[in-house]
Participant: 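For reference, the structure I am asking about is given below.
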Amino acid sequence: MNAAIGLSLILFFALGVPIAVSIVLASVIGIEFFSRLPLLLVPQQMFVGIDKFPLMAIPFFILAGNLMAAGGISRRLVDLAKSVVGGLQGGLAMTCVLTCMLFAAVSGSSVATTFAIGSILIPAMVKHDYPRPLAAAIQASSAELGVLIPPSIPLILYGVSTDTSIGKLFIAGIGPGLLIGGSLLLFLYIFCKIRGYGLRDREERSAFPVALKRAWVALLMPVVVIGGIYGGVFTPTEASAVAVVYALIVGGLVYRELSLAELWPILRHSVVSTAAVMLIIAAAALFSFLISRTGLPREVAGWVTQVFDSPIAFLLAVNVMLLVVGMFIETSAAILVLAPIFTPIAVQYGIDPVHFGLIIVVNLALGMFTPPLGVNLFAACAVAKLSIDQLLPWLLRFVLVVLACLLAITYLPWISMGLVELLY
């Protein structure tokens with residue numbers, strides 16, 4: 001049955017069938033023609049896959065990100081970041097990275113970050129003489145911080161699929177997020193100095209006290225959400241609802257940029273985005289059930305422990321495989337299918353499941369801005385009105401920077417586990 005499901009998946013992917021539909025169809029083929037299981041398992045297991053309380057955080061964080069974009073929060077975060085680094089050559093490009101780090105601290109979604117920040121900063125960078133493909137590449141690569149810095153939807157999915165503490169995963173994501181963000185900032189500063197970009201970045205820059213006064217209410221949002229989680233006031237799932245209420249109050253009553261007329265399009269867009277993610281989760285749950293029933297995870301674990309005799313070799317092999325997988329399979333589906341298989345093997349090698357979760361998410365985050373299926377890449381291209389092939393020459397530099405960070409995160413566990421061990 002495993003071979004039939006695998007070949008069917010490859011065929012459907014090659015034909016361009018959507019990922020969730022491909023997974024369901026391949027599972028149905030395996031059940032109907034290569035097993036004695038009833039087809040009733042299909043809706044049953046799909047429902048079981050999404051009938052988990054922590055998954056409630058996903059629609060709320062998606063909605064919170066959309067409310068932030070419409071309520072003026074993202075624009076004020078851009079102004080604040082610009083006031084901090086805008087005085088440097090290349091400051092506008094660095095503002096993009098810094099703003100994505102701030103926005104990621106609440107939205108939990110890299111695609112939401114791309115649209116919310118890119119729609120402001122890509123035109124601004126083009127106006128300041130940055131090549132349009134470079135501006136789009138900066139935005140696409142910076143937005144991946146949305147899946148690392150907590151709250152993070154992929155980290156929630158990893159925690160649910162492997163029974164790992166979501167609170168610990170959120171804390172562990174801070175170190176890798178800061179490392180990648182800091183590395184991108186340093187690279188852009190050096191790159192702009194060498195190439196001569198960003199000579200006019202000081203223009204239209206607010207003073208820091210003025211920008212902070214306008215943005216301090218927005219800045220309190222991650223403090224309330226993340227502080228509430230780690231202070232034991234509410235769970236990560238409850239924090240997502242708090243983020244929505246806070247975004248509504250700030251955008252509608254404090255900044256007065258969010259009207260009742262705008263709520264319906266925002267809710268509609270959030271529902272569509274949530275439905276797409278939930279369908280993938282449900283399909284992956286069915287797929288995981290079938291794979292587990294055939295005993296494939298045990299076979300894979302036995303083969304891996306025979307072939308790779310050390311944690312170093314195992315992590316290298318996992319990184320290579322996940323980099324390839326991330327280029328072709330949507331992040332949520334890849335986590336839900338692969339994490340339950342490889343996490344127990346990692347534990348056998350003495351690798352902490354929290355640390356391993358960050359390795360998986362960083363790997364798959366790379367796939368978000370690399371062709372052929374990088375969602376951030378498509379989003380940045382849509383905002384910049386460019387084709388993917390125009391971005392590729394510029395994108396390679398950012399891929400190499402994140403790859404270097406990935407190696408550090410993989411083999412220096414304290415980057416992700418330092419805060420976890422300190423707080424727990």
Side-chain angles (χ1 to χ4, degrees), residues 55-82 95-96 99-127 136 139-140 142-143 145-147 151-153 204 206 211-225 237-279 375-376 378-385:
L55 292 180
M56 283 292 294
I58 294 175
F60 284 120
F61 278 130
I62 290 175
L63 178 57
N66 291 333
L67 289 170
M68 286 173 65
I73 294 176
S74 55
R75 192 179 70 255
R76 285 168 172 80
L77 292 178
V78 168
D79 291 340
L80 178 64
K82 192 189 298 184
T95 296
C96 185
T99 309
C100 285
M101 294 173 71
L102 295 173
F103 194 86
V106 189
S107 72
S109 168
S110 63
V111 179
T113 303
T114 303
F115 281 111
I117 307 303
S119 59
I120 300 171
L121 280 175
I122 290 178
M125 283 189 274
V126 172
K127 181 182 175 183
Q139 178 58 62
S142 301
L145 295 167
V147 303
S152 158
I153 291 173
E204 303 174 7
S206 302
L212 181 62
K213 184 179 179 181
R214 296 181 69 234
W216 73 270
V217 179
L219 278 178
L220 280 181
M221 194 171 182
V223 175
V224 171
V225 173
T237 308
E238 294 164 345
S240 63
V242 172
V244 171
V245 174
Y246 195 95
L248 277 170
I249 293 172
V250 173
L253 300 179
V254 180
Y255 294 152
R256 299 180 182 276
E257 294 189 21
L258 191 63
S259 64
L260 286 174
E262 292 177 289
L263 285 182
W264 173 249
I266 292 171
L267 288 169
R268 183 177 179 276
H269 179 64
S270 300
V271 167
V272 171
S273 300
T274 300
V277 175
M278 287 299 184
L279 183 57
V375 289
N376 289 353
F378 285 115
C381 286
V383 173
K385 297 179 174 61

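Source: prediction; values computed, not measured. Heavy-atom basis, side chains included; hydrogens, waters and symmetry copies ignored. Starting from 1, each residue takes its place in the sequence as its number.
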Participant: What is the distance from atom OG of Ser240 to atom CD of Glu238, rounded to the nearest 0.5 Å?
Facilitator: 8.5 Å

Participant: List the atom of Leu121, the atom of Cys96, and the distance in Å for their closest heavy-atom pair.
Facilitator: CD1-CA, 3.3 Å

Participant: So, using side-chain contact (heavy atoms from CB on, under 4.5 Å) as the criterion, who are the partners of Val244 when residues are at least two apart?
Facilitator: Phe60, Leu63, Ala64, Leu67, Leu248

Participant: Let me confirm one number: the NZ-CG distance from Lys213 to Leu80, rounded to the nearest 0.5 Å.
Facilitator: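 The NZ atom of Lys213 sits 14.5 Å away from the CG atom of Leu80.
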
Participant: CG/Leu55 to CE/Met278 distance, rounded to the nearest 0.5 angstrom?
Facilitator: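 That separation rounds to 5.0 Å.
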
Participant: Could you report the tightest heavy-atom contact between Ile73 and Ala218, atom names first, then the distance?
Facilitator: CG2-CB, 3.5 Å

Participant: Going by heavy atoms in the side chains, are Ile266 and Leu258 under 4.5 Å from each other?
Facilitator: yes

Participant: Could you name each residue pair satisfying salt bridge (Lys or Arg N to Asp or Glu O under 4.0 Å) that touches residues 242-255, not counting sequence neighbours?
Facilitator: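 For residues 242-255, and leaving out neighbouring residues, there are no salt bridge (Lys or Arg N to Asp or Glu O under 4.0 Å) pairs at all.
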
Participant: Quick one: which residue pairs count as a side-chain hydrogen bond (donor to acceptor under 3.5 Å, both in side chains) with a foot in residues 242-258, not counting sequence neighbours?
Facilitator: Arg75-Glu257, Arg76-Glu257

Participant: Could you report the tightest heavy-atom contact between Thr99 and Ala81, atom names first, then the distance?
Facilitator: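 Answer, listing the atom of Thr99 first, then Ala81: OG1-CB, 3.3 Å.
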
Participant: Measure across Ala140 and Ala380 and return the closest heavy-atom pair with its distance rounded to 0.1 Å.
Facilitator: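 Closest approach of Ala140 to Ala380: CB-CB, 3.9 Å.
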
Participant: Would the distance check show the side chain of Ser142 and the main-chain N or O of Gln139 forming a donor-acceptor pair, the cut-off being under 3.5 Å?
Facilitator: no

Participant: Please evaluate residues Leu77 and Ile117 with respect to the criterion side-chain contact (heavy atoms from CB on, under 4.5 Å), reporting the C-alpha separation (whole Å), side-chain torsions for both, the decisive distance (0.1 Å), and the verdict.
Facilitator: CA-CA 9 Å; Leu77 292 178; Ile117 307 303; 5.7 Å; no

Participant: Of all heavy-atom pairs between Phe61 and Ala243, which one has the smallest distance, and what is that distance?
Facilitator: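 In this case the closest contact between Phe61 and Ala243 is CE2-CB, 4.3 Å.
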
Participant: Could you give the distance from OG1 (Thr237) to CE (Met56), rounded to the nearest 0.5 Å?
Facilitator: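 Here the rounded value is 8.5 Å.
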
